[in-house]
Every structure is written in C-alpha cells, then in structure tokens.
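The structure under discussion appears below in the form of structure tokens.
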Amino acid sequence: MAEGYDAQAIERKWQARWREEGAYEVDNDDPRPPFYCLCMYPYPSGSAHQGHVRNYTFGDLIVRQRTMAGHAVLSPMGFDSFGLPAENAAIKTGAHPRPFTDGRIAQLKASIERLGAMYDWRREVRSHDPEYIRWTQWIFLRLLEAGLAYRDRAAVNWCPGCQTVLANEQVLADGTCDRSGDVVTKRDLEQWFFRITAYADQLLDDLDELDWPERVKVMQRNWIGRSEGAEFDLPVEGRPDLALRVFTTRPDTSFGMTYAVVAPEHPIVPELTTDERREAVDAFVARVRTETEVERQSAEGPLEKRGVFTGAHVRNPFNGEPVPVYLADYVLMGYGTGAIMAVPGEDQRDWDFAKAYDLPIIRTVQPPEGWEGEAYTGDGPAVNSQWLDGLHKDEAVARATEWLEEKGLGRRTVNYRLRDWLLSRQRFWGCPIPIVYCGEHGAVPVPEDQLPVLAPDDVEFRPTGESPLKFHEGFLASACPTCGQPATRETDTMDTFVDSSWYFLRFTDPWNREVPFDPAMAARWLPVDQYIGGIEHAILHLMYARFFTKALSDLGVAPKDLREPFSRLFTQGMIRMGGTKMSKSKGNLVDPADYFDTVGADALRLFHLFVGPPADDVDWTEQTDEVIDGCARFLARVWRLSTGEVPAGTGDGGRDLRQATHRLVARVSDDYDRWSYNTAVAACMEFTNLLYKAVAAGAAGEDLDFAIDTLLSLMAPMTPHITAELWERRHGDDARVHAQPWPQADPALVATTTETMVVQINGKVRDRIEVPADVGEAEMERLALESERVRAALDGRTPARVVARPPKLVNLVVEG
RNA sequence: GCGGGCGUGGCGGAACGGCAGACGCGCCGGGUUUAGGUCCCGGUCCCGAGAGGGGUGUGGGUUCGACUCCCACCGCCCGCACCA
C-alpha cells in the first residue's frame with residue numbers, strides 16, 4: 001500500500017528538482033517554434049498575495065501546456081523595483097531603499113517558488129539594477145535626440161508643507177497631500193515630457209488588430225479621445241491686430257453662437273480685458289489659480305461665480321454679429337485652443353452658463369416636439385442658420401467646415417484628449433534623468449559612456465519628503481559635457497512607468513552590454529504571444545509600453561516591423577473581500593503561505609482555476625476555505641486512483657474508457673485554448689468520478705492505465721507537483737510528465753456511434769431515444785412518431801411540420 | 001451625463017440558438033468505523049403522492065425552438081467625467 005498524498009513533501013521535492021534541472025530555461029537559438037508568455041512584472045511589496053497567485057497560476061499553466069505542445073516558451077520574470085513605498089519606508093527609518101527593496105524581492109521570489117510557477121530566472125531584470133538603469137537612460141537619450149523627449153513648463157501639484165511636487169496619486173480626493181494634509185496647489189515648473197501625442201493616431205488605429213479585451217480597448221480609445229472638428233478665428237472688435245482662435249466639433253451650430261469663452265490661463269486674457277473690467281478679471285484669474293484641481297473640476301458651486309465678463313467682444317464670422325467674451329473655469333487651457341464659441345442651444349454647459357449670466361439662447365438645430373428647458377445635442381434639421389437651414393448634422397458640419405476653408409477663415413482639425421507624458425518625479429528611488437544643466441549650454445545630455453548615472457548611497461532622507469538628491473553636493477556637482485564648465489545634475493528621476501515600458505524587450509536579451517537588446521532577439525520573441533495582468537493597468541502601462549515599442553521601432557532600436565508589444569492580452573479578475581479589493585493597504589490580505597503550509601500549492605492553484613471564469617472577480621468568503629479543501633480532496637482522489645488504492649470490484653467496467661479518455665482530451669484542450677479553466681477542472685473531476693466507478697466495476701489493465709496517464713498529462717499544467725510525482729511513481733525515476741507530448745484526441749474515438757436523440761413537441765422535451773450517430777432525418781421522424789410517450793403527447797394530432805437536426809434533436813410542430 | 005459589462009438553485013458557477021442547473025461547496029440520507037473525523041455510495045430548482053406542470057431580473061419581439069439574438073424597463077458592477 002502506497003503512502004497517502006503528502007503535498008508538503010512532494011512540492012518541496014519537485015521545486016528543488018526543477019531548480020536543479022533548470023526547467024523552463026530557454027535559449028534564444030532553441031529550434032522549437034517560439035512562444036512568449038509574460039505575466040506583468042510585479043512591484044516587490046513582500047510575499048506574494050492572492051492576486052499574484054492567480055496571475056502566476058494562469059501564466060504557469062500556459063507555459064507548461066505550450067511546452068508540452070512542443071513550443072520553446074520564453075517565460076521570464078523580474079521586478080518593478082523602483083517606486084514610492086520603498087522611499088516612504090526609507091523616510092520613516094532613515095535607511096537606504098535598496099536593501100529594503102532587495103529584501104522584499106527575495107521574499108516575493110521565495111513565495112513564487114513555493115507556488116511552483118516556473119521562470120527562466122537567468123533572464124531576471126530589476127528596474128533598480130545599474131545595468132537596467134543604464135539602458136533606461138540610454139533609451140531616454142535616444143528619445144531626446146529624436147525630439148520625442150522635451151522639457152517644458154507645466155502646472156504640477158505642489159505641496160507647500162512638504163515643499164515638493166506630488167504625483168497625482170499622492171493628492172487625496174479632497175485635494176490635500178497624502179503625507180502632510182496640506183492643501184495642494186498648482187505650480188509651474190520645468191518638467192520633462194515624452195511626446196506620446198505624436199503617436200496618438202497610431203495608438204488609436206492599431207488597437208483594432210489587437211486580440212485584447214474589448215473593454216481595455218475602449219478605455220484606451222476614450223483616453224486618447226480623438227475628436228474631429230474645426231478651428232477658426234473670431235476677430236476682436238476694435239482690435240484689427242487681435243483674433244481669438246476657437247475649436248469646435250459642431251461648426252454647424254456656429255450661427256447660434258451668443259458669446260465666447262476663454263480659459264482663465266489663456267495668454268490673450270490681458271490683451272482682451274478692458275480697463276473697466278480689469279479688476280474683476282484679475283480677481284477671477286487669481287482665484288482660479290489658487291483653486292485646487294478638485295475644486296475647479298467639481299461641478300458644485302453657483303455658476304455665477306465661475307465666470308467673468310472681459311469687456312471685449314468678438315465677431316462671429318458666420319453672420320458678422322458681435323458677441324461678448326467671458327472667462328470661465330469650465331474651459332480648459334490644455335484642450336483645443338483654450339477658447340470656445342458658446343452655443344447654448346446645442347451644448348448643456350453653455351446653456352447653464354447662459355442662464356446664469358442672462359445671455360441669449362438661439363436654437364440652430366430643430367429639437368423634437370415638446371423639447372424644452374435644455375440644450376439639444378441630437379440630430380435634426382438646421383434652423384436660424386441661413387444657408388445651412390434644413391441640412392442635417394453630418395452634412396451641415398461638412399458644409400460649414402468647407403465654407404470656413406474656402407473663405408480662409410479656418411480649417412478642419414483633430415484634437416486629442418491624450419496629453420504628453422510628464423515623466424519627471426521629484427523622487428529619490430527612481431531612475432535618474434541623465435541630464436546636466438550648464439549656465440551656458442542649458443540642459444545637456446550625459447554622454448553615453450558616462451552612463452549609468454546612479455544615485456549616491458550616502459544620502460540623508462528628510463521627513464519633508466524632499467528628494468535627498470537635491471542636497472547631495474557630490475551628486476549635484478558635475479561638469480558640462482559641452483564646455484567642461486561646472487554644471488548641476490538633474491535631480492528628478494523618471495516615472496516608474498518608464499521602466500515598465502520596455503522590460504519585456506530586455507527579457508529577450510538581458511545579457512547584452514552593447515545595446516538594451518539585440519533587435520534580432522526581440523524579433524525572435526516579440527510580440528508577446530500572451531500577456532497576463534490586472535485590469536488596473538488597462539490604460540497607463542499598456543499605453544506607455546505601446547508608445548515605447550512604436551518609438552523604439554521607428555528609431556531602429558527595436559525591429560522595424562514590431563509595431564505592437566502584446567498581441568494577446570488577458571486581464572484577470574480582482575480578488576475581493578467584503579466587497580472591496582483585497583490589498584495590503586486595506587489590511588484584508590489572505591496569505592497564500594497559509595495554504596502552501598497546509599493543503600499545498602497545487603490545491604490553491606486548482607482553486608484559483610476552478611472558482612470561476614478567469615476574467616471574473618473572485619469573492620473571498622467564508623465558503624472559500626471549504627472550496628479549497630474540496631480541491632485538495634479531489635487531488636487526494638486522483639492520488640489514490642493513480643497509486644492503485646481504489647479498491648476494485650468485479651465486473652466489466654472498462655468498456656468505454658478509451659473513448660471517454662479521448663473525449664476528455666478534446667474537451668480539456670479546447671477549454672485551455674478558450675481560457676475556460678473552470679470547466680477544464682470540472683471535466684477532470686467528472687472523469688475521475690467515472691474512473692472510480694469503472695475501477696469499482698472491475699476496470700483494469702491497459703485502458704485504465706491510459707486513462708489515468710492521460711488525466712495526469714492534462715492536469716500537469718494546472719497542478720504540476722502532484723502530477724510530476726505520480727508520473728514518476730508510475731513510470732520510473734527519469735520519467736517527467738511535463739516532458740510528455742500534449743495528448744492528442746483521436747477524432748474517430750471522440751465521435752460517438754450512438755447519440756441520444758431528443759424529441760420535442762412544440763419545443764418541449766417529450767422523449768429521449770438512442771439512435772445511431774449517422775441517423776437520417778426521415779429515420780428520426782419515423783422513430784419519434786413510434787415513441788409511446790410522443791404518441792401519448794400528440795393525442796392523435798398529426799405534426800404540421802417536423803424540424804430534424806440530426807442526430808441530436810427532432811421537433812414536432814403541431815397546431816393549437 | 002457618456003461608455004463598457006453583468007443579472008441562472010442556499011453559494012461559486014455550467015450550458016458557442018437545440019435535454020437549464022455540468023462540476024464543486026453546503027445540506028440530507030446510507031455504508032465503513034468502538035466513536036468522531038477521513039473515506040465510499042446515493043439524494044438535493046419549485047409545485048405535485050404520481051402523471052404532469054412551472055422556472056434563467058421584468059415586459060415585449062424574432063424563431064419550429066431563446067439563459068443565449070433584438071427592443072424597452074428595473075437592478076448591480078466597472079471605467080471616464082466640465083475635452084467644447
């Protein structure tokens with residue numbers, strides 16, 4: 001009698017063996033067809049949590065299954081190791097973030113290993129490694145050369161208490177600093193940007209070809225926010241030298257313009273403002289400047305206080321009428337031209353503002369019957385619009401735009417919501433921006449042979465949150481690469497999204513010391529065949545990585561034809577507890593180690609696969625531990641079956657085993673392809689139940705062995721340890737289930753010789769009859785009409801129509 | 001407000017226009033066991049003794065046939081939100 005299933009011992013044994021054997025290390029010249037499977041590299045926050053377990057269980061399943069199916073699978077792992085939590089810990093303790101981070105990485109790696117998820121650790125990258133920093137900086141300099149990185153003034157979040165700039169994420173919902181509680185204000189500072197807007201159209205258009213979840217694509221489309229419209233000038237009354245340029249998506253409504261609005265920050269404001277209005281305008285502008293972003297964007301507060309008349313008038317070029325110019329905080333300097341023509345009849349914000357300021361409202365699109373009291377933004381015939389009258393929206397827009405272009409007054413334009421990527425962070429624990437500032441030559445790139453620029457170790461963290469780089473003389477003092485005169489280093493570091501925008505490329509060639517990666521190696525593996533991660537990265541990370549890939553491709557750093565990094569994306573559901581996301585900050589983590597130490601990693605993996613569709617959120621409830629126990633129970637059943645501990649009865653039970661086995665292969669393979677892991681697990685459970693009955697009925701020998709071996713092969717990607725152990729026990733010390741070829745279903749055996757034909761009358765099931773699989777329609781009808789139950793239900797009536805769908809269903813349609 | 005998604009037993013879920021509720025959790029019963037646990041077997045949508053009838057958020061439609069497709073409504077979740 002073999003001993004029982006000891007998950008602890010087995011998992012330890014196989015994890016050690018896989019490590020020794022270098023399992024899942026893959027070389028770039030591997031002759032098998034390549035497959036790149038990647039899980040989003042984690043921020044090292046300590047031990048793995050259930051979100052990691054879920055992510056890496058899916059990834060490992062694919063890695064192992066594709067390997068069995070004959071692919072050379074690239075399965076790398078690394079760490080997104082720069083970031084704020086390590087710096088905050090440093091500020092608290094005074095210790096350097098590096099040992100803190102390295103410790104966290106060691107913890108996370110250890111728990112990933114206990115999950116049994118396999119990676120080619122030779123390829124590991126860490127954002128904070130000097131070699132990785134070198135190439136991140138090198139890429140920054142290439143983008144700078146190409147004009148895709150630039151420096152500009154930008155309004156940033158400023159905390160007066162901390163005397164530092166904050167990232168948007170550090171500003172709480174009430175507009176205060178998450179550290180000091182001070183009210184955050186806006187400040188103009190010189191910052192570095194990436195020109196992602198240069199790729200707006202490509203980023204939008206190329207989404208169509210990606211095999212990504214529709215909702216992620218929609219989010220990206222909305223984020224890019226392309227809108228087509230027209231720009232034109234409104235001449236300022238009494239100022240022949242001055243015109244106000246506006247952008248609109250509805251040039252067809254121009255005859256309804258009853259005023260114009262300019263953003264308070266617009267440079268034209270001082271010029272426009274008349275002397276008698278200057279005091280009021282200045283007061284308004286000053287107030288808006290001190291307002292927080294949150295205040296300004298909230299729709300609260302009386303509209304009367306949110307705008308001011310400038311005293312100026314502009315002329316509507318469509319009808320020559322003068323209209324007043326206002327400032328209002330609902331018009332943003334950062335979008336379009338920072339000025340609009342206001343058409344209250346067809347825009348609700350303009351309507352509300354017009355009501356508050358008692359401005360006229362002229363409808364230029366005929367609203368439906370009974371429409372009143374608000375703007376009408378739908379389609380309808382143009383009215384009050386001279387030569388546009390009667391035209392519907394699309395045609396009127398086109399005609400109005402043509403008119404503007406013919407008269408040389410304006411042009412068709414496209415605007416984007418997407419802004420350039422502000423990458424400067426006033427932080428220590430990030431990749432330094434490789435720039436020095438010279439009094440004579442300004443911002444000068446650090447020469448390539450001086451990379452990487454590394455932050456010093458002997459730094460003092462201040463409780464104010466300011467970067468210690470700003471006070472480190474040894475770091476600050478430099479020489480201008482152009483003239484050799486004393487110069488000062490840039491103390492800002494890069495947004496950590498820069499690091500994660502190219503790590504998947506580095507994985508293909510992590511040993512390269514000449515360039516970030518050899519384009520030929522990248523071409524071999526990329527695009528990533530399967531990328532897996534959380535929905536929270538739907539916009540920023542995935543957009544930035546796409547931008548980097550396109551830009552690096554255009555610069556010749558990445559392969560020319562590599563236009564997208566991730567051809568297939570899967571976003572897993574969140575783990576929730578009590579209705580909120582399970583997370584460290586909420587303190588509702590359920591530690592995977594508790595399960596590694598008890599039921600084992602295989603049972604926990606199986607739970608994550610079985611609990612529901614991978615894309616759905618998982619609710620961690622009181623029932624969850626019982627379900628996990630059920631998964632462990634199932635594995636113990638497989639153990640007993642495979643080690644011959646199920647007592648055999650007598651009789652003939654092995655009759656259909658071979659056929660059932662082939663059907664299982666077809667079903668599980670299909671489920672794997674469709675990401676339907678919960679049903680793949682169910683199929684294996686069902687099959688195991690069947691085998692128990694077969695054994696009890698006397699099944700033995702070749703067909704049973706084939707059934708069990710096939711089950712183990714199919715489960716090997718899901719529960720690698722127990723299947724490896726059982727395979728070794730059944731086939732000898734050198735036998736490896738994960739080296740087996742992926743089982744193939746024999747179509748002849750999957751097909752059945754008989755089927756259960758369902759007989760319906762008017763769509764209701766009346767009988768089930770066993771028929772040959774190749775039964776014809778006429779035969780089906782004959783068999784159906786012969787059935788006792790059908791005759792009883794028909795009660796003498798004759799079907800008016802017979803719908804036969806061989807071989808599974810026949811529907812008899814009777815009147816009445 | 002705009003966009004996307006989802007509503008199926010006590011619970012997680014299954015069903016690619018054709019047998020609603022696979023598989024599992026829980027619960028009920030039986031067997032093994034000194035006992036408990038483990039393990040094995042059976043049952044478990046509702047009404048009905050049964051034959052049968054009803055049932056996938058609500059209402060309508062398409063179809064021989066709808067959980068599935070279409071329309072309207074109700075409810076929940078997610079994303080964006082003064083973007084002109």
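Each chain gets a letter, A, B and so on, in the order its sequence line appears, and its residues count up from 1.
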Answer yes or no: does a side-chain N or O of [X] lie under 4.0 Å from OP1 or OP2 of [N]?
X      : N      : value
A:S227 : B:rA84 : yes
A:R766 : B:rC19 : no
A:R667 : B:rC16 : no
A:N689 : B:rG24 : yes
A:R674 : B:rA15 : yes

Kindly point out which of [options] is positioned nearest to the side chain of [X]?
X      : options                : value
A:V765 : B:rA84, B:rA20, B:rC78 : B:rA20
A:Y692 : B:rG18, B:rC40, B:rA84 : B:rC40
A:M219 : B:rG79, B:rC77, B:rC83 : B:rG79
A:V331 : B:rC83, B:rC25, B:rA84 : B:rA84
A:K764 : B:rG54, B:rC41, B:rC78 : B:rG54
A:D616 : B:rG13, B:rC40, B:rC64 : B:rG13
A:V803 : B:rC83, B:rG18, B:rA84 : B:rG18
A:R417 : B:rC25, B:rC23, B:rA81 : B:rA81

Base of [N], side chain of [X] - is there a donor-acceptor contact under 3.5 Å?
X      : N      : result
A:R805 : B:rG18 : yes
A:Q760 : B:rG18 : yes
A:R768 : B:rC19 : yes
A:E686 : B:rC23 : no

Residue whose closest nucleotide on RNA chain B lies nearer the 5' end, A:R640 versus A:C631: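 It is A:C631, whose closest nucleotide lies nearer the 5' terminus.
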Position toward the 5' end of RNA chain B (nearest nucleotide), A:N811 or A:R633: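 Going by which nucleotide is closer to the 5' end, it is A:R633.
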Check: A:H608 main-chain N/O paired with A:R54 side-chain donor or acceptor under 3.5 Å: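 Judged by distance alone, yes, a pair lies under 3.5 Å.
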Base paired to [N] (Watson-Crick or G-U; both N/O distances under 3.5 angstrom):
N      : value
B:rG52 : B:rC47
B:rG7  : B:rC74
B:rU62 : none
B:rA22 : none
B:rU32 : none
B:rC80 : B:rG1

C1' gap between B:rC28 and B:rC45, integer Å: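 Looking at atom C1' only, B:rC28 and B:rC45 are 16 Å apart.
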Integer angstrom distance from the P of B:rG57 to that of B:rC67: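 The answer is 10 Å between these two P atoms.
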Spacing of OG belonging to A:S642 relative to CD1 belonging to A:I722, to within rounding of 0.5 Å: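 One gets 7.5 Å once the value is rounded to the nearest 0.5 Å.
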Straight-line distance of A:R411 CZ to A:E231 CD, nearest 0.5 Å: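 It is 5.0 Å, given to the nearest 0.5 Å.
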Classify the nucleic acid contact of [X] as base, sugar-phosphate or nothing, counting any heavy atom under 4.0 Å across all strands shown.
X      : result
A:Y416 : nothing
A:V813 : sugar-phosphate
A:N678 : sugar-phosphate
A:D670 : base
A:G630 : sugar-phosphate

Find the distance [X]:[atom1] to [N]:[atom2] and express it as a whole number of Å.
X      : N      : atom1 : atom2 : result
A:I340 : B:rC83 : CD1   : C1'   : 11 Å
A:I535 : B:rG3  : CD1   : P     : 19 Å
A:R637 : B:rC25 : CZ    : P     : 10 Å

Would you check if the distance from the ring center of [X] to the ring center of [Y] is below 6.0 Å?
X      : Y      : result
A:Y326 : A:F353 : yes
A:W351 : A:Y376 : no
A:F607 : A:Y595 : no

Syn/anti state of B:rG37 by chi, 90° boundary around 0: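 Anti conformation for B:rG37.
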NZ or CZ of A:R637 within 45° of A:Y692 ring axis and under 6.0 Å: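 Yes - A:R637 lies over the ring of A:Y692, closer than 6.0 Å to its centre and within 45° of its axis.
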Aromatic plane relationship, A:F570 with A:W675 - under 30° parallel, 30 to 60° tilted, over 60° perpendicular: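 Geometry flag for A:F570 against A:W675: parallel rings.
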